[in-house]
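One structure below.
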Amino acid sequence: MLPCINWLQPFLALLSSTLLTRGHNCPSSCLCPDHHTVDCQGQGLTRLPSPIPLDVRRLLLSDNWIPLIPSDFLVLYSDLVYLDLRNNSLSALEPGTLSTSSRLVYLDLGSNNLTEIQSGTFGETQSLIKLRLGNNPYLSLVEEDAFVGLTSLRELELERNGLQGLDVGALEPLTSLRVLRLEGNPWVCNCHFAKLFVWLTENRHKLPTGMEGLECSLPMDGSLMSLSLLTEASFRECRGYLSLTDILIVIFSGISVSVVAIIASFFLASMVHCFQRLGKAGQTDEEEGND
Ligand SMILES: *[C@@H]1O[C@H](CO)[C@@H](O)[C@H](O)[C@H]1NC(C)=O
Ligand SMILES: *[C@@H]1O[C@H](CO)[C@@H](O)[C@H](O)[C@H]1NC(C)=O
């Protein structure tokens with residue numbers, strides 16, 4: 001019995017090591033501390049390492065020079081739960097890249113060079129709980145439908161970007177949001193900001209810095225003002241601007257009334273014309289009957 005085990009031991013060791021390496025190719029210059037983690041932080045990488053095991057769940061890629069994520073990346077690594085790309089050189093996200101993930105819970109794209117977050121960037125990543133997009137100094141546009149589908153998102157970081165304004169429609173789909181970081185952006189308190197201001201006032205408990213920690217520049221002289229010093233009345237001058245819709249409704253209803261009047265008179269005219277013709281036809285019939 002004993003010699004048999006002695007003989008089997010190296011064989012079993014060989015077998016298990018081949019199975020392990022088959023299932024877990026650790027990319028060179030990365031560490032794989034456990035079966036589902038690949039850690040390549042601060043390795044001077046200029047592109048994604050390879051080969052990354054397909055069953056990776058935690059992928060740590062921060063402090064590198066990675067400029068792009070291939071659009072099929074999350075199709076391939078569909079078990080990814082935690083993706084850290086902080087402090088890389090990403091300047092754009094190809095549409096659809098992040099929209100295919102069903103398990104991703106944590107995504108860090110902070111300290112990159114992103115310029116905009118387009119509609120539908122995250123598709124229906126319903127599992128996502130924390131999204132970090134701060135410290136992208138050129139990030140100046142978040143489209144209205146950028147965060148559609150992120151129904152589980154609890155924390156959204158957009159601090160220290162280049163945002164002068166933000167469409168409230170981008171925040172409205174985030175029904176689970178608890179924490180929103182917006183400080184350190186060059187907000188401008190013009191009339192476009194009025195709606196965001198109302199939203200922030202109602203959701204101030206979600207701002208870690210409160211309204212005090214947010215500043216905006218006034219359109220008149222560019223002076224900086226803490227949001228906590230402003231009230232909805234500060235945007236009173238925007239009433240004229242906001243009632244633009246009212247003006248449009250008035251103009252539009254005016255147009256509709258005219259259109260209805262034109263159609264009605266056309267209809268009446270046709271009726272009259274029709275009756276006249278009927279009358280004439282009746283007369284001819286009578287004349288023919290007389291003959
Ligand atoms: C960002 O990554 C670079 C390259 O690894 C590193 O030198 C730098 O210290 C990192 N910056 C921060 C803020 O961690
Ligand atoms: C970041 O983007 C800006 C504007 O798009 C560009 O001028 C700058 O060179 C970029 N920086 C890096 C490090 O890629």
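Just so we're clear, the structure is a prediction, and the values are computed from it rather than from any experiment. When a ligand or atom number is given, it counts from 1 through the structure's own listing order.
Legend: residues meeting ring-ring contact (aromatic ring centres under 6.0 Å, His included) with Phe122, ordered by chain and number and at least two apart, are absent. Residues that satisfy the side-chain hydrogen bond (donor to acceptor under 3.5 Å, both in side chains) test with Arg58, not counting sequence neighbours, are absent from this structure. Taking Glu215 as the reference, nothing meets the side-chain hydrogen bond (donor to acceptor under 3.5 Å, both in side chains) condition, with sequence neighbours excluded.
Nearest heavy atoms, Leu150 versus Leu131: CD1-CD2, 4.1 Å.
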Ligand 1 polar-atom proximity to protein (N/O, under 3.5 Å):
from, atom 1, to, atom 2, distance (Å)
ligand 1, 2 (O), Asn87, ND2, 2.3
ligand 1, 5 (O), Asp63, O, 2.9
ligand 1, 11 (N), Asn87, ND2, 2.8

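The closest side-chain donor-acceptor pair between Thr151 and Gln126, if any, does not fall under 3.5 angstrom.
If you chain together hydrophobic residues whose side chains sit under 4.5 Å apart, Val56 and Leu74 fall into the same group.
Taking every non-hydrogen atom of Asn113 and a distance limit under 4.0 Å, the qualifying atoms of ligand 2 come out as 1 (C), 2 (O), 3 (C), 8 (C), 10 (C), 11 (N), 12 (C), 14 (O).
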